[in-house]
**Student:** 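Below is a structure I'd like to ask you about.
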Amino acid sequence: MSVTRAPRKLYVKSYGCQMNVYDSQRMADVLAREGYVETATPEDADVLVLNTCHIREKAAEKVYSELGRLRVLKQEAARDGRRLTVAVAGCVAQAEGEEIIRRAPVVDLVVGPQSYHRLPDLVARAAVEGRVVDTEFPAEDKFDHLAAPTRAATRSRGAAAFVTVQEGCDKFCTFCVVPYTRGAEFSRPVAKILAEVEDLVAAGVKEIRLIGQNVNAWHGEGPDGGAWTLARLLYRLAEVPGVARLRYTTSHPRDMDDALIAAHRDLPALMPQLHLPVQSGSNRILDAMNRKHDRAEYLRVIERLKTARPDIAMSSDFIVGFPGETEQDFSDTLALVDAVGFASAYSFKYSPRPGTPAADSDDQVSEAEKAERLARLQARIDHHAAAFNAATVGRTTQVLFEGTGRHDGQMTGKSPWMQAVQVMAPPSVKGEIHAVRITGTGTNSLYGALVVANGSAPLRHDGPDHGTTPDPALPGVPDPAVRAASGGH
Ligand code: SAH
Ligand code: SF4
Ligand code: F3S
C-alpha cells in the first residue's frame with residue numbers, strides 16, 4: 001500500500017551539454033504539474049533523475065559510479081519507509097537502454113530524450129509494474145506535450161535562459177554519438193519559439209540562448225508556412241520587447257550562411273561571441289572526421305564574421321588523437337589556434353565510441369600521445385584566452401549579473417563576450433545589466449567595478465545590450481553600437 005505524501009520531491013542531476021540542462025528543466029516542469037517540487041538534496045528525493053551524457057567514455061562511465069552511490073540512498077529511503085524511484089534519462093539512456101537495467105539493479109526507469117513528456121506516466125508505471133524502459137522516438141512532438149515553466153520556476157533559474165530550437169543531427173561526424181542518441185535533425189516552429197521567449201521575458205529573463213546540437217541548421221516553419229533561417233529568427237527575436245541579449249549555440253561551420261553572418265553586424269542584441277567547433281586544423285583529419293569542410297573554409301568563415309563584427313570572441317572544440325593523427329596533423333591544429341586566437345576553447349582526447357565508424361579504425365593513437373598533445377594544445381589555448389581577457393582590461397562594458405560571486409560582497413555576471421566578471425555590488429543587481437569597468441584578470445574570470453553615474457546609483461541599462469562603450473583611451477576595437485546604428489537594417 002502506498003502512502004500519499006504531499007508534496008513529492010524531485011532531484012535532477014544534469015551531465016553533458018546545455019541541451020541536457022534545458023531538458024532537465026522541462027522534466028522538472030512536467031513533473032511539477034503532477035505536484036513534484038524540486039529539492040537540492042538527493043537524500044530528500046522521491047524521484048531522482050540522472051540526465052546523462054554519452055559523448056565520451058568517461059562521461060558515460062560516470063553514470064555507473066553515481067548509480068553505485070545511489071544504491072545506498074535507496075536502501076536508506078526504504079529503511080525510512082519511503083520509496084525512491086531512480087530514473088536514468090539522456091543520451092546514455094538512449095544508447096544503452098535495457099543494458100542499464102541489467103548492469104544497475106538500482107534503476108527503476110530508463111527514459112530516452114524523446115520521451116520526457118511521458119515522464120509522469122512512466123514514473124507511475126515504474127511504481128506499479130517495476131522496471132520500465134522507454135527509448136522510442138515517438139511520432140508525437142515531445143515539445144508539444146512538455147509543460148511550460150511557472151514564472152517562479154523561470155525566475156529561480158536566472159536572467160539568462162536556454163531555449164531549445166533544434167534537436168538531433170544529420171551530419172554523422174565519424175567520432176560522434178549524437179546522431180544516434182538524439183536522432184535526426186528536427187526544428188521547432190517559429191510560433192512555439194516566440195511564445196516561449198515571450199513567456200521567459202515576461203518572467204524577467206534578459207538573455208535568450210537558442211540551443212541545438214546544430215543550431216544554425218535550424219529551419220523551422222514560419223507563420224507563413226515556409227521555412228525560416230536562423231538569421232531570420234534572430235531578427236524576429238531581437239524585436240521582442242525585453243530581449244536584451246541573444247546568443248545561439250552550437251553551430252557547425254558548414255551552416256554559417258551570409259544572412260547569419262550579417263545578423264552579427266546588424267543586431268545589437270546579438271552578443272559578439274560565437275562557439276564554432278572546428279575539431280582539427282588538419283585537412284586530412286577533417287576529411288577522416290567527415291566534417292565536410294576544410295581548414296581554409298573554416299578560416300574564411302571566421303574572417304567574414306570578424307568583418308561583420310570585429311570584436312567577436314570566437315570559441316571552439318578540439319579533439320586530439322583522432323585515429324591516424326600524426327605529429328604534422330597536430331601541428332596544423334596548433335597553427336590554426338594561433339591563426340584564429342580563440343577567446344576560449346574546449347579540447348578533448350579522442351574517445352572511441354561504440355557504433356561510430358572511427359572507433360573501428362586500427363590506427364588508434366596511444367593514450368600517452370593523446371595526453372601529451374592535449375597538454376600542448378591546452379597551453380596554446382590558455383595563452384590566447386589570457387591575451388583576449390587582458391585586452392578587455394580598462395574597458396567599460398555591460399555585465400548581466402547572474403548571482404553571488406566568489407567572495408563576500410561580490411556578484412558575478414557575464415560580459416558580452418561571455419567572460420565571467422566578478423564585481424563588488426549589492427545583491428539587488430542580480431538579473432540586471434549594468435555598466436562595469438574591467439579592472440583586472442584572474443584565472444577563470446575578470447574583475448570589474450560598477451560604473452557609478454554622478455556618484456549616486458550605478459548606471460542602469462534596460463534596452464538592448466549594445467555591448468561595449470568605446471573607451472577613448474583604448475583605440476582599436478570599433479564600437480559595435482555605433483556601427484549597428486549606421487549600417488544594415
Ligand atoms: N554539435 C557540435 C558538438 C557536439 S559534441 C558540433 O558539431 O561541433 C561536443 C564536443 O564533444 C564536440 O565538439 C567534440 O569536440 C567533442 N566530442 C564529440 N565526440 C567525441 C569523441 N568521441 N571523443 C572526444 N571528443 C568528442
Ligand atoms: Fe556530432 Fe558532428 Fe553532429 Fe556535431 S555535427 S553533433 S560533432 S555528428
Ligand atoms: Fe552528451 Fe547527449 Fe549532449 S551525448 S553532449 S548530453 S547531446
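Remember, it's 1-based here, ligands and their atoms both numbered in the order they're listed. Values below: all heavy atoms of this structure, side chains included; hydrogens, waters and symmetry mates excluded. Start at 1 with the first residue, then count along the sequence.
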**Student:** Just wondering, are more than 12 heavy atoms of other shown residues or ligands nearer than 6.0 Å to CZ in Phe172?
**Tutor:** yes

**Student:** Check each atom of ligand 1 against the heavy atoms of Pro277 and keep those under 4.0 Å away; list them by number with element.
**Tutor:** 8 (O)

**Student:** Can you tell me how far the CD atom of Gln419 sits from the OG1 atom of Thr392, to the nearest 0.5 Å?
**Tutor:** 4.5 Å

**Student:** Return the orientation label for the Phe342 and Tyr298 ring planes: parallel under 30°, perpendicular over 60°, tilted otherwise.
**Tutor:** tilted

**Student:** Give me the nearest non-hydrogen protein atom to atom 19 (N) of ligand 1 as residue plus atom name, then the distance to 0.1 Å.
**Tutor:** Phe175 CD1, 3.3 Å

**Student:** In terms of residue, atom name and distance, what is the protein heavy atom nearest to atom 25 (N) of ligand 1?
**Tutor:** Arg56 NH1, 3.4 Å

**Student:** Using a strict 4.0 Å cut-off to heavy atoms of Lys349, name the atoms of ligand 1 that fall inside it.
**Tutor:** 23 (N), 24 (C)

**Student:** I'd like the name of whichever of Val320, Val177, Asp317, Ile55 reaches closest to atom 10 (C) of ligand 1 through any heavy atom.
**Tutor:** Asp317

**Student:** Using the six-membered ring wherever Trp is involved, compare the ring planes of Phe175 and Phe322 and label them parallel, tilted or perpendicular (cut-offs 30° and 60°).
**Tutor:** perpendicular

**Student:** Using a distance threshold of 2.8 Å, state whether an N, O or S atom of Cys91 lies below it from atom 2 (Fe) of ligand 3.
**Tutor:** yes

**Student:** Counting only nitrogen or oxygen atoms and a 3.5 angstrom limit, does Tyr350 reach ligand 1?
**Tutor:** no

**Student:** Is Ser251 in polar range of ligand 1, meaning some N or O pair under 3.5 Å apart?
**Tutor:** no

**Student:** Please say whether Thr250 places an N or O atom under 3.5 Å from an N or O atom belonging to ligand 1.
**Tutor:** no

**Student:** Suppose the cut-off is 2.8 Å; which protein N/O/S atoms would you list for atom 2 (Fe) of ligand 2?
**Tutor:** Cys173 SG

**Student:** Have a look at ligand 1 and work out which part of Gln213, if any, has a heavy atom under 4.0 Å from it: side chain, backbone, both or neither.
**Tutor:** backbone

**Student:** Any donor-acceptor pair under 3.5 Å linking the side-chain atoms of His275 with those of Asp317?
**Tutor:** yes

**Student:** Just by distance, with hydrogens left out, do Thr41 and Thr39 show a side-chain donor and acceptor under 3.5 Å apart?
**Tutor:** yes

**Student:** Suppose we measure from atom 14 (C) of ligand 1 to each protein heavy atom; which comes out shortest, and what is that distance?
**Tutor:** Gln279 OE1, 3.3 Å

**Student:** Should the ring pair His252 and His293 be called parallel, tilted or perpendicular, given that the plane angle runs from 0 to 90° and is split at 30 and 60?
**Tutor:** perpendicular

**Student:** Answer side chain, backbone, both or neither: which part of Phe348 comes under 4.0 Å from ligand 1, heavy atoms only.
**Tutor:** side chain

**Student:** Has Arg56 got its NZ or CZ under 6.0 Å from the middle of the six-membered ring of Phe348, at an angle within 45 degrees of the ring axis?
**Tutor:** yes

**Student:** Do the charged groups of Asp255 and Lys171 touch, with an N to O distance under 4.0 Å?
**Tutor:** yes

**Student:** Report the nearest protein non-hydrogen atom to atom 21 (C) of ligand 1: residue, atom name, distance rounded to 0.1 Å.
**Tutor:** Ser351 O, 3.6 Å

**Student:** More than 12 foreign heavy atoms under 6.0 Å from CD of Glu57: is that the case here?
**Tutor:** no

**Student:** Going by atom types only, do His383 and Asp338 share a side-chain donor-acceptor pair under 3.5 Å?
**Tutor:** no

**Student:** Of the protein's non-hydrogen atoms, which lies at the shortest distance from atom 7 (O) of ligand 1, and what is that distance?
**Tutor:** Arg291 NH1, 3.4 Å

**Student:** Consider ligand 3: state whether an atom of it lies below 4.0 angstrom from any non-hydrogen atom of His54.
**Tutor:** yes

**Student:** So that I know where these two stand, are Tyr248 and His264 an aromatic pair - ring centroids less than 6.0 Å apart?
**Tutor:** yes

**Student:** Of Arg245, Arg157, Lys206, Lys414, which is the lone residue that meets salt bridge (charged side-chain N to carboxylate O under 4.0 Å, His left out) with Glu402?
**Tutor:** Lys414

**Student:** Once you restrict to heavy atoms under 4.0 Å, what part of Gln213 touches ligand 3? Side chain, backbone, both or neither.
**Tutor:** side chain

